[in-house]
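So that the names make sense, note that chain A is the first sequence line, chain B the second, and so on, each numbered from 1.
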Amino acid sequence: MRRRRNARRLNSGFRWPAFATLYAFLLNAEPSGCSPEALSERYLDRKLNAAAEQRAEAMIAVLGVLKPQVYESGLERVYEEIDLPLAPVLARMETTGIRVDTQTLAAQGLVLSAQIEALAAKVYEAAGKPFNINSPQQLGKVLFEELGLPSPVKAGKGKAVSTAADVLEALAAAYPVAQLVLDYRQLTKLKGTYVDALPGLVNPKTGRVHTTFNQTGAATGRLSSSNPNLQNIPIRTEAGRLIRAAFVPEPGWNLVVADYSQIELRLLADMSGDPVLTDAFLRHEDIHTRTAAEVFHVSPLMVTPEMRRGAKAVNFGIVYGQTPFGLAQQLGIDRKEAELYIRRYFERYAGVRVFIDRTIEEVRRTGFASTLAGRRRPIPDMHSRNPAARSFAERTAINTPLQGTAADLMKLAMIRIDKRLRAERMQSRLLLQVHDELVLEAPPEETAVLSEMVKAEMEGVCVLKVPMVASSGVGANWRDAK
DNA sequence: CCTTATGACCGC
DNA sequence: AAACGCGGTCATAAGG
């Protein structure tokens, strides 16, 4: 169900994905299957009409079906200790909102407009005529038919030739127009999605932007954020970071940010019990450097930036269920080389290999991937006769316990932090959650103690075989709070 | 006119 | 057979 919220109305304390939805999501973490409409059809075998009282009545009936299942599955503690108490925390965060400096955005908009115009003019010059650069269809024609750039290998099958970033990046060195298009796309994305859109979402009563956090929006148990999505504010490029600088605290206050370090790889160490990975985290080593040293058989001191980059891609890839093809594409190396990296990784981290095999076997047997807390996501395609679908299911089976457990731990930390803020009568407030990061605002006299408290609560959220590590920072805006 | 699909790109 | 997990938003293009 998608309901556009009125951007001018403050989010109310009542959260629509209410009790039946939370129960359904615990048992079956499928975002599309947890709407009142889907629940009514599945558990009551009847369609839902628009009448509010009928919807409520139906959800009460669904509750009667699901509650015993939650108890039988041993999930009542997850419900009572995580999902239910999180709901009011999220409601408070939405109601509080975050302040956005629209003056800064307006100034950036003018600069961006000029840069975009200049880039477009150069693209038209290269093309010999103006056209709509935003239309992949028109752009593909211009680049690959009229200008005769070499089509990517995967072209064919009737569809339009892809003008995706990886394709254009491969052409950029030889054909400057490709780089121009990439730059044009980056800047128009920033302007359209953030610089132009955000000021319109500022609530005039509060002067702040109020997102909606969806508690049942991601199949792994992560939160999602919409209208606006404040979980994808740019950070990776300099132009993008200017937008992050427009997120500011209450005047005279500070922004406090805290983020987990390598939480998914730490969970991998804990779940697999791999001795080398565990050792690296117990010694507080740089995990990518350690992996490079293991994979390339050199001392950590001899690891070059290039080797570390490769090891970092392998570490990320493991969490995503990587293939040699994907790693090769990511690093710009050939598949044989990528296969070698992966083989060496599993030679050194043999416990991770065992964990992956054991996890796939268990998910195949039970049909569900589970988090440490017990949240279950159905993975039906483990037995599919379609090899692509089956491979996809197996990658999901590996990733879900890691990503989902990280989400559970962050939720628990948020509940505890919110509880302490209120118990200790602090003025500081939680504002945003970005999966492994929290953003808060604090008056000057509370800033230092809040920063330490948040870091401590995040690190102490549970005791695993390896330490949980979080870092916190303070700043006058989101970009500079590090 | 509104809705939906697609391709692209932003984040973790 | 596709090729690395999870999301949301924007612009275009096509359908009802």
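- The shortest distance between the side-chain N/O atoms of A:Ser135 and the OP1/OP2 oxygens of C:dA13 is below 4.0 Å.
- Out of C:dA1, C:dG7, C:dG5, the shortest distance to the side chain of A:Asn399 is found at C:dG5.
- For C:dA3 and B:dT6, the P atoms lie 15 Å apart once the distance is rounded to whole Å.
- For the pair A:Glu264 CD and C:dG5 P, the interatomic distance rounds to 13 Å; values are reported in whole Å.
- Here A:Gln330 lies in heavy-atom contact (under 4.0 Å) with a base.
- The list of salt bridge (charged side-chain N to carboxylate O under 4.0 Å, His left out) pairs with a residue in residues 177-193 of chain A, not counting sequence neighbours, reads A:Lys191-A:Asp196.
- Residue A:Leu190 contributes atom CG, which lies 13 Å from atom P of C:dA11 at whole-angstrom precision.
- Residue A:Ser162 places at least one side-chain N or O closer than 4.0 Å to OP1 or OP2 of B:dA8.
- Scanning atom types as modelled, one donor and one acceptor separated by under 3.5 angstrom connect the side chain of A:Arg222 and the base of B:dC12.
- Of the candidate nucleotides C:dG5, C:dT9, C:dA3, C:dA3 has the atom lying nearest to any side-chain atom of A:Phe325.
- Each of C:dC10, C:dG7, C:dA1 was ranked by its minimum atom distance to the side chain of A:Thr193; first place goes to C:dC10.
- Here the P atom of nucleotide C:dC6 and the CD atom of A:Glu30 are 13 Å apart, to the nearest Å.
- When distances run from any side-chain atom of A:Pro234 to the nucleotides C:dA14, B:dC10, C:dC6, the shortest one goes to B:dC10.
- Closest to the A:Gln403 side chain, of the nucleotides C:dG8, C:dC6, B:dC12, is C:dC6.
- The nucleotide whose nearest atom lies closest to any side-chain atom of A:Thr396 is, among C:dA14, C:dG5, C:dT9, C:dG5.
- Proximity note for A:Ala218 (side chain, C-beta onward) versus C:dT9, C:dA2, C:dC6: the nearest is C:dC6.
- Residue A:Asn132 places at least one side-chain N or O under 4.0 Å from the OP1 or OP2 atom of C:dT12.
- Of all the residues in residues 111-129 of chain A, not one reaches under 4.0 Å from DNA chain B with any non-hydrogen atom.
- For the side chain to side chain donor-acceptor pair (under 3.5 Å) condition, the pairs that include at least one residue of residues 115-131 of chain A, sequence neighbours left out, are A:Lys129-A:Glu146.
- Proximity of A:Ser224 to the phosphate of C:dG8: a side-chain N or O atom is located under 4.0 Å from OP1 or OP2.
- By the 4.0 Å N-to-carboxylate-O rule, A:Glu339 lies close enough to A:Arg335 to be salt-bridged with it.
- Atom pair A:Asn232:CG and C:dC10:C1' shows a separation of 11 Å (rounding to whole Å applied).
- Counting to the nearest Å, the P atom of C:dA3 and the CZ atom of A:Phe392 are 9 Å from each other.
- Separating the CG atom of A:Leu198 from the P atom of B:dC10 is a distance of 15 Å, rounded to the nearest angstrom.
- Residue A:Arg377 has a polar side-chain atom (N or O) positioned under 4.0 Å from OP1 or OP2 of C:dC6.
- Proximity note for A:Pro136 (side chain, C-beta onward) versus B:dC10, B:dG7, C:dA1: the nearest is B:dG7.
- Put simply, CG on A:Asp183 is 15 Å from C1' on B:dA8, counting in whole angstrom units.
- For the pair A:Arg376 and A:Phe368, the distance from NZ or CZ to the six-membered ring centre is under 6.0 Å and the angle to the ring normal is within 45 degrees.
- A sub-4.0 Å separation between OP1 or OP2 of B:dA8 and a side-chain N or O of A:Thr163 is present.
- Residues A:Gln186 and A:Thr237 bring a donor and an acceptor atom of their side chains to less than 3.5 Å of each other.
- Contact between the side-chain N/O atoms of A:Arg395 and the OP1/OP2 oxygens of C:dG5 is found at a separation under 4.0 Å.
- If you measure from atom NE2 of A:His435 to atom P of C:dG8, you get 9 Å, rounded to the nearest angstrom.
- For the atom pair OG1 (A:Thr220) and CZ (A:Arg375), the distance works out to 9.0 Å, reported to the nearest 0.5 Å.
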